[in-house]
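In what follows, a single structure is set out as structure tokens and then discussed.
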Amino acid sequence: SKGNHAHFMRKEIFEQPLVVAQTLQSYVRAFEGEVAIPAVDFDLSQVDRVTMVACGTSFYAGMVGKYWIERFARVPVDIDVASEFRYRDPVLEKGGLALFISQSGETADTLAALRHARSEGQRIAVVVNVPTSSMAREADLLLPTRAGPEIGVASTKAFTCQLAVLAALAVNLARARGRITAEEEREIVAHLAEAPEAMARAIDHDEDIKAMAHLVAPARDVLYLGRGPDYPMALEGALKLKEISYIHAEGYAAGEMKHGPIALIDDAVPVIVLAPSGPLFDKTVSNMQEVRARGGRIILISDAEGIAAAGDGCVATIEMPAVHELIAPLVYAVPVQLLAYHVAVLKGTDVDQPRNLAKSVTVE
Ligand code: F6R
């Protein structure tokens, strides 16, 4: 049931602190300050390349995972959408690790990609929400998300649980390959453990975000900008908005703006900027100024420090708690989900069952 929520999507957004905590419990030994993925019959320290494959929102989770695995474990990650992976005849060295990410575990393209990877001698790891699904059954290394059943067609809680698992996997690989010390691992685990609480604080902005939905609802086009792990979050924000509100939206790497999309900017195009303070903040802000100089109307999502530094001149700001860069994507998922939700409600679309979409895409 939807409880006291008007839609399943809203209920599922609000459940995230709980289900992310539940998911983390399976992967983090908080007391020891260690992550622990299930045992496998191959040596994780020997993994020297990861091939990731997924579709849609699960693909964006994978993009964030790539940043983390490369950053912490220094293992190169290749990532593809499933429908491209299968037909480009990817180079897969025997014994490589292929990782598939899926809420349903039944997405036809992802499943076919998994079988292709197996036939090429890859070890198969699966991050999946439905434990009885085809992908779960075909995995060598099963990494479940514990989001519970997701009813809204637009994926929300499954996505943030995927991020939690990928963060744990990145840290586990880093340890296996001797890339982090026990002390560093303890620190990272402590940050991960703070994610549910920080997400709850992001959800506390529901009313503010609802109030600013009218800035976006009349638009024909909307741009989302981010850098680093917040670039896939920009892509995810744009996907959420287009799926449920039917407004055309694009996510862009902030630094790519000047290579084309900036030509779209005028005062009718809201630009949502995701910029937690940190090493990439100033770069993103300078891209934001370029947008503003061309009349762009900016909604800045940042923390108090970021808003104090760059909030002037924005049409609206959404203040997130200040968090470690590792957990920023989990936290910044919340405002983009809520913004899409409130815009869709304003437009009167069918939020839980958007037109032309199915919860599980079992045809190629
Ligand atoms: C977006 C959405 C889709 C799915 C995609 C993959 O909100 O729901 O983009 O993420 O169809 O589905 P799964 O994760 O079940 O493989």
If you apply the rule side-chain contact (heavy atoms from CB on, under 4.5 Å), what do you find for T160 with M199, and how did you get there? CA-CA 10 Å; T160 43; M199 295 171 81; 3.7 Å; yes

Quick one, P38 and L143 - any side-chain contact, counting heavy atoms below 4.5 Å? yes

Shortest non-hydrogen pair, V216 vs I247, comes out as O-CD1, 3.7 Å

Would one find more than 12 heavy atoms of other residues, nucleotides or ligands at under 6.0 Å from atom CZ of R86? yes

Quick one: does I37's side chain get under 4.5 Å of L44's, heavy atoms only? yes

Taking the side chain from H7 and the backbone from M9, do they hold a donor-acceptor pair closer than 3.5 Å? no

How long is the gap from CZ on R123 to CG on L99, to the nearest 0.5 Å? 14.5 Å

Applying side-chain contact (heavy atoms from CB on, under 4.5 Å), run through D352 and I151 and close with a yes or a no. CA-CA 8 Å; D352 284 334; I151 309 294; over 6 Å; no

List the atom of A202, the atom of M320, and the distance in Å for their closest heavy-atom pair. CB-SD, 3.6 Å

With clusters built from Ile, Leu, Val, Met, Phe, Trp and Tyr whose side-chain heavy atoms come within less than 4.5 Å, directly or transitively, what are the remaining members of the cluster of L280, listed by chain and number? none

Quick one: does Q16's side chain have a donor or acceptor within less than 3.5 Å of a partner on I13's backbone? yes

Do F159 and S58 have side chains that approach each other closer than 4.5 Å (heavy atoms only, starting at C-beta)? no

Parallel, tilted or perpendicular: rings of F14 and H5 (30°, 60°): tilted

One pair to check against side-chain contact (heavy atoms from CB on, under 4.5 Å): V336 and K240. What are the steps and the verdict? CA-CA 8 Å; V336 296; K240 284 288 91 89; 5.5 Å; no

Atom OG in S83, atom CZ in F59: separation rounded to 0.5 Å? 9.5 Å

More than 12 non-hydrogen atoms from neighbouring residues, nucleotides or ligands closer than 6.0 Å to CZ on F8, yes or no? yes

Following the transitive rule for hydrophobic clusters with a side-chain heavy-atom cut-off under 4.5 Å over Ile, Leu, Val, Met, Phe, Trp and Tyr, establish whether M52 and M135 coincide in one cluster. no

Can any side-chain N or O of D80 pair as donor or acceptor with the backbone N or O of A82 at less than 3.5 Å? no

Applying side-chain contact (heavy atoms from CB on, under 4.5 Å) to V315 and I298, what does each step give before you reach the verdict? CA-CA 6 Å; V315 294; I298 293 156; 5.7 Å; no

On the six-membered ring of F31, is R29 placed so that its NZ or CZ lies under 6.0 angstrom from the centre and within 45° of the ring axis? no

May I ask you to decide if A147's main-chain N or O and K157's side chain share a donor-acceptor pair within less than 3.5 Å? yes

For residues 227-234, please give each side-chain donor-acceptor pair under 3.5 Å, one per line with the distance, not counting sequence neighbours.
| residue | atom | partner | partner atom | Å |
| --- | --- | --- | --- | --- |
| R227 | NE | N287 | OD1 | 3.3 |
| R227 | NH2 | N287 | OD1 | 2.8 |

Cluster question for you: counting only ILVMFWY and a side-chain heavy-atom cut-off of under 4.5 Å, with indirect links fine, are I69 and I124 together? no

Using only atom types and a distance under 3.5 Å, with no angle test, would you say the side chain of D303 pairs donor to acceptor with the backbone of S277? yes

Among side-chain atoms of E106 and S360, is any donor-acceptor pair under 3.5 angstrom? no

Nearest atoms (heavy-atom pairs only) where I101 meets T110: O-CG2, 4.3 Å

K242, NZ: over 12 other non-hydrogen atoms inside 6.0 angstrom: yes

Using modelled atom types and a 3.5 Å cut-off, is there a donor and acceptor pairing between side-chain atoms of R201 and backbone atoms of P321? no

Nearest non-hydrogen partners of T284 and A275, listed with the distance: CG2-CB, 3.9 Å

Any donor and acceptor pair, going by atom type alone, linking the side chain of Y246 with main-chain N or O of R355 inside 3.5 Å? yes

Judged by atom type as modelled, is there a donor-acceptor pair below 3.5 Å linking the side chain of H205 to the main-chain atoms of E319? yes

Rounding to 0.5 Å, atoms CG (L326) and CG (L163) come to a distance of 10.0 Å

Taking all heavy atoms of P270 and all of A268, pick out the closest pair and write down the distance. CD-O, 3.3 Å

Using the rule that two of Ile, Leu, Val, Met, Phe, Trp, Tyr join whenever any of their side-chain heavy atoms come within less than 4.5 Å, decide whether L142 and V28 are in one cluster. no

Decide if atom CD of Q289 counts as having more than 12 heavy atoms of other residues, nucleotides or ligands within a radius under 6.0 Å. yes

Looking at D43, I want to see if its CG is surrounded by more than 12 non-hydrogen atoms of other residues, nucleotides or ligands under 6.0 Å. yes

Atom pair CD/CD1 of Q337 and I203 - distance to nearest 0.5 Å: 8.0 Å

Is the CZ atom of R88 crowded by more than 12 outside heavy atoms at less than 6.0 Å? yes

Got Y60 and C55 here, is their nearest side-chain heavy-atom distance under 4.5 Å? no

Check whether any side-chain heavy atom of D78 sits under 4.5 Å from a side-chain heavy atom of V50, and report yes or no. no

Do T23 and V165 make a side-chain contact, defined as non-hydrogen atoms from C-beta onward lying under 4.5 Å apart? yes

side-chain hydrogen bond (donor to acceptor under 3.5 Å, both in side chains), paired with S155, selected from E150, E236, Q103: E150

Between L166 and L97, is there shared hydrophobic-cluster membership here, with clusters defined by ILVMFWY side-chain heavy atoms closer than 4.5 Å? yes

Heavy atoms from other residues, nucleotides or ligands near CD of E32 exceed 12 (cutoff 6.0 Å): yes

So, for V153 and K359, which heavy atoms are closest and what is the spacing to 0.1 Å? O-NZ, 3.4 Å

Taking only Lys NZ, Arg NE, NH1 and NH2, and the carboxylate oxygens of Asp or Glu, determine whether R177 and D48 approach each other closer than 4.0 Å. no

Output for pair (I188 CD1, I180 CD1), nearest 0.5 Å, gives 4.5 Å

Examine distances only and state if a side-chain atom of T145 and a backbone atom of V128 form a donor-acceptor pair shorter than 3.5 Å. yes

Heavy-atom side-chain proximity of L223 to V291 below 4.5 angstrom: no

Give every donor-acceptor pair under 3.5 Å between a side-chain atom in residues 70-77 and any protein atom, sequence neighbours left out.
| residue | atom | partner | partner atom | Å |
| --- | --- | --- | --- | --- |
| E70 | OE2 | K66 | NZ | 3.2 |
| E70 | OE2 | V77 | N | 2.7 |
| R71 | NH1 | E325 | OE1 | 3.4 |
| R74 | NH1 | E70 | O | 3.1 |

If hydrophobic clusters are built by linking Ile, Leu, Val, Met, Phe, Trp and Tyr wherever their side-chain heavy atoms come under 4.5 Å apart, do L274 and V271 end up in the same one? no

Do the non-hydrogen side-chain atoms of E138 and L111 ever get within less than 4.5 Å of each other? yes

Going by salt bridge (Lys or Arg N to Asp or Glu O under 4.0 Å), R175 matches just one of E184, E183, E185. Which one? E185

Would the distance check show the side chain of E290 and the main-chain N or O of K258 forming a donor-acceptor pair, the cut-off being under 3.5 Å? no

Between CD on residue E207 and CD1 on residue I209, distance to nearest 0.5 Å: 10.0 Å

Before accepting this row, confirm whether a basic side-chain N of the pair R49/E93 lies closer than 4.0 Å to the acidic partner's carboxylate O. no

